[in-house]
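Encoded as structure tokens, the structure appears first; notes follow it.
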Protein chains: 2
Amino acid sequence: MAGGRRLPNRAELRVWRDFIETGEVLRNQITGRLQSDTGLSTGDYTVLLALSEAAGQRLRSSDLAAGIGWERSRLSHHLGRMERRGLIRREECATDSRGAEVVLAPAGGAAFRAATAPHLRAVRELFVDALTDEQLVAAGEIAAALRAHLERS
Amino acid sequence: MAGGRRLPNRAELRVWRDFIETGEVLRNQITGRLQSDTGLSTGDYTVLLALSEAAGQRLRSSDLAAGIGWERSRLSHHLGRMERRGLIRREECATDSRGAEVVLAPAGGAAFRAATAPHLRAVRELFVDALTDEQLVAAGEIAAALRAHLERS
DNA sequence: CTCCTATGGTTGACGCGTCAACCATACCGC
DNA sequence: GCGGTATGGTTGACGCGTCAACCATAGGAG
């Protein structure tokens with residue numbers, strides 16, 4: 001195994017660049033639409049989705065972070081911004097005085113309900129409709145393969 | 001065409017989430033490795049790559065922005081940070097007194113040379129090696145299809 | 001009860017990106 | 001020359017993300 005296999009060749013590098021750059025453009029488009037349609041960022045949407053599905057529309061901060069796969073610090077900063085806008089509230093936790101509960105505020109629930117249809121429509125228009133059925137399947141498999149490979153590292 | 005086709009179904013949504021989330025994890029891994037291996041961000045790398053390939057290791061600011069597809073404002077902010085670290089310099093432009101030329105500094109050239117092999121190796125390890133040949137081809141086609149569809153909007 | 005550590009959460013600094021405002025020079029019509 | 005617009009570039013404010021430091025309470029071990 002000499003140096004030959006160490007570095008990607010021109011074609012592989014091209015696919016790599018196309019792949020991430022396209023992913024980024026796509027992501028920007030979707031977040032841009034969400035933003036202009038509803039004034040929410042994808043982060044807002046993620047948080048509001050999790051809270052909407054939670055019992056009592058409330059979650060312990062750590063559980064929320066774990067549920068959406070965020071670091072606690074990131075969540076804390078984001079909740080601060082969302083709280084300022086009246087989308088959520090923070091309450092003290094009855095059973096653990098260290099803890100905090102995040103509660104969906106009325107404005108947050110309304111914003112989320114208003115956002116979901118346009119957002120899903122954007123996903124269909126910009127992603128699903130762009131691909132053939134086979135490509136959609138392949139996209140799923142590629143994502144799974146990459147993820148599995150990443151977790152093996 | 002009733003409402004049936006308007007929103008993505010469960011399986012499509014799942015592929016969508018897997019697709020972007022995996023892309024993000026992958027991007028984070030690559031940028032993290034670049035950062036820890038060489039102290040450069042992907043933005044730094046992009047700028048240094050463009051400058052390295054330019055005649056005289058220098059470019060007009062606008063040309064650089066156009067070449068790497070960045071907004072001028074973003075580039076200006078980024079160059080400010082890179083200049084502070086001694087990776088590049090900014091000089092007045094002889095032929096257009098409004099303009100600025102961006103020059104690769106010695107430290108920048110060295111950093112870039114030190115970064116390229118590890119970075120390409122990471123791309124191979126985390127991306128190319130994770131996929132079969134067919135998947136790699138499919139990934140390229142998917143990116144192309146998405147891009148074409150985006151540009152049609 | 002008293003330490004000692006683990007856990008829950010917040011904060012501050014900083015890098016990065018976007019947007020809108022801004023300043024200076026260039027260029028064009030007159 | 002003069003005035004207006006276009007172009008090149010910077011700046012400031014703000015959202016977002018990470019990291020490291022920090023504070024408070026919880027929950028043992030002795």
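Proteins come first, then strands; the chains are lettered A, B, ... in the order of their sequence lines, and each starts at number 1.
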Using a cut-off of 4.0 Å on non-hydrogen atoms, how would the nucleic acid contact of [X] be classed: base, sugar-phosphate, or nothing?
X: B:H78; result: sugar-phosphate
X: A:S97; result: sugar-phosphate
X: A:R90; result: sugar-phosphate
X: B:S73; result: base

Ignoring backbone atoms, test whether [X] places a side-chain nitrogen or oxygen under 4.0 Å from the OP1 or OP2 oxygen of [N].
X: B:R60; N: D:dG9; result: yes
X: B:R72; N: D:dT10; result: no
X: B:S76; N: D:dT11; result: no

Which whole-number value in Å describes the distance from [X] [atom1] to [N] [atom2]?
X: A:E24; N: C:dT18; atom1: CD; atom2: P; answer: 9 Å
X: A:M82; N: D:dG15; atom1: CE; atom2: P; answer: 13 Å
X: B:E92; N: D:dG8; atom1: CD; atom2: P; answer: 17 Å
X: A:L64; N: C:dG8; atom1: CG; atom2: C1'; answer: 13 Å
X: A:I88; N: C:dG9; atom1: CD1; atom2: P; answer: 13 Å
X: A:E71; N: C:dG8; atom1: CD; atom2: C1'; answer: 15 Å
X: A:D96; N: C:dG9; atom1: CG; atom2: P; answer: 7 Å
X: A:L75; N: C:dG9; atom1: CG; atom2: P; answer: 9 Å

| field | side chain to side chain donor-acceptor pair (under 3.5 Å) evaluation trace for B:S41 with B:D44 | value | CA-CA 5 Å; B:S41 69; B:D44 298 334; 3.1 Å; yes

| Counting N and O atoms only, with roles assigned by atom type, does the side chain of B:S76 sit under 3.5 Å from a partner on the main chain of B:R72, one being a donor and the other an acceptor? |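 Absent.
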
| query | Does CZ belonging to A:R85 count more than 12 external heavy atoms closer than 6.0 Å? | reply |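 Yes, enclosed.
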
| Toward the 5' end of DNA chain C, which comes first, A:S61 or A:N28, by nearest nucleotide? |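 Of the two residues, A:S61 wins.
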
| message | For a quick check, tell me whether the side chain of A:H77 and the base of C:dG12 share a donor-acceptor pair closer than 3.5 Å. | response |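 Yes, a donor-acceptor pair under 3.5 Å.
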
| said: Should the side chain of A:R74 and the base of D:dT18 be counted as holding a donor-acceptor pair, with the cut-off at 3.5 Å? | reply: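 Check fails, no donor-acceptor contact within cut-off.
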
| task | Report the residue (B:C93 or A:S41) whose heavy-atom-nearest nucleotide on DNA chain D is the more 5′ of the two. | result |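 On the 5' side of the pair lies B:C93.
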
| query | Parallel under 30°, tilted from 30 to 60°, perpendicular over 60°: which one fits the rings of B:F19 and A:F127? | reply |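 Because their plane-to-plane angle lies in the 30° to 60° range, the rings of B:F19 and A:F127 count as tilted.
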
| task | Heavy atoms only: give me the nearest A:C93-A:A100 pair and the separation to one decimal. | result |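 Where A:C93 meets A:A100 most closely, the heavy atoms are CB-N, 4.2 Å.
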
| request: Measure from the side-chain heavy atoms of B:D44 and tell me the nearest of D:dT25, C:dC16, C:dG9. | output: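 The listed nucleotide nearest to B:D44's side chain is C:dC16.
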
| Side chain of B:R84 (C-beta onward), nearest among C:dG17, C:dC19, C:dG15 | C:dG15

| Looking at B:R89 and B:E83, does any basic side-chain N land under 4.0 Å from a carboxylate oxygen? | no

